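In what follows, a single structure is set out as structure tokens and then discussed.
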Amino acid sequence: MTEFEQQFEFSELSGEFVDDDVTVMLRIYRPAGTNLDWMLEVLDEEGNTTVWEGTFDTDRDAFEEFLATVQRDGIRSFLDEPVHKLH
């Protein structure tokens with residue numbers, strides 16, 4: 001377990017997501033031991049990351065935002081830049 005994982009609680013909705021032959025790692029998390037809002041992050045196969053600036057009331061809200069982004073912009077939109085923030 002990495003130091004990052006020790007500090008955060010990960011949603012069961014986190015994990016690998018594959019679409020259009022592209023695999024990304026979806027991470028929905030919040031500080032461990034809290035009831036704070038959930039954060040959303042997507043890592044591509046190269047280790048580049050996309051982080052949403054806002055937080056989400058529930059892990060389901062974060063997951064639905066991820067799905068909406070994939071539907072609207074395509075999974076390849078996460079491959080465009082080494083690091084970028086959404087919303």
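All figures in this text were calculated on a predicted structure; none of them were measured in a lab.
Thr49 and Glu41 are linked by a side-chain donor-acceptor pair at a separation below 3.5 angstrom, with hydrogens and angles left out of the test.
Not one N or O on the side chain of Arg76 forms a donor-acceptor pair closer than 3.5 Å with the backbone of Val22.
The CD atom of Glu64 sits 12.0 Å away from the CD atom of Gln71 when rounded to the nearest 0.5 Å. If you take CD on Glu46 and CG on Leu79, they are separated by 8.5 Å, rounding to the nearest 0.5 Å. Summarising the geometry, atom CD belonging to Glu65 is positioned 5.0 Å from atom CZ belonging to Phe56; distances are rounded to the nearest 0.5 Å.
Scanning all heavy atoms of the two residues, the minimum distance from Glu9 to Thr34 falls at OE1-O, 4.1 Å. For the residue pair Asp19 and Ile75, the shortest heavy atom distance occurs at O-CG2, 3.3 Å.
Looking only at side-chain heavy atoms (C-beta outward), Arg30 and Asn35 come within less than 4.5 Å of each other. Under the 4.5 Å side-chain criterion, counting only non-hydrogen atoms from C-beta, Leu26 is in contact with Leu40.
Annotation: side chain to side chain contact (heavy atoms under 4.5 Å, CB included) contacts of Ser11 (sequence neighbours excluded): Leu13, Ser14, Ile28, Trp38, Asp59. For the side chain to side chain contact (heavy atoms under 4.5 Å, CB included) test, no residue two or more places apart in sequence or in another chain qualifies with Asp21.
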Given side chain to side chain contact (heavy atoms under 4.5 Å, CB included), test Arg27 with Phe8 step by step and report yes or no. CA-CA 11 Å; Arg27 293 170 36 158; Phe8 292 97; over 6 Å; no
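Connectivity analysis of hydrophobic side chains (ILVMFWY, heavy atoms under 4.5 Å, direct or indirect) links Leu43 to Met25.
Centroid-to-centroid, the aromatic rings of Phe78 and Phe66 come within less than 6.0 Å.
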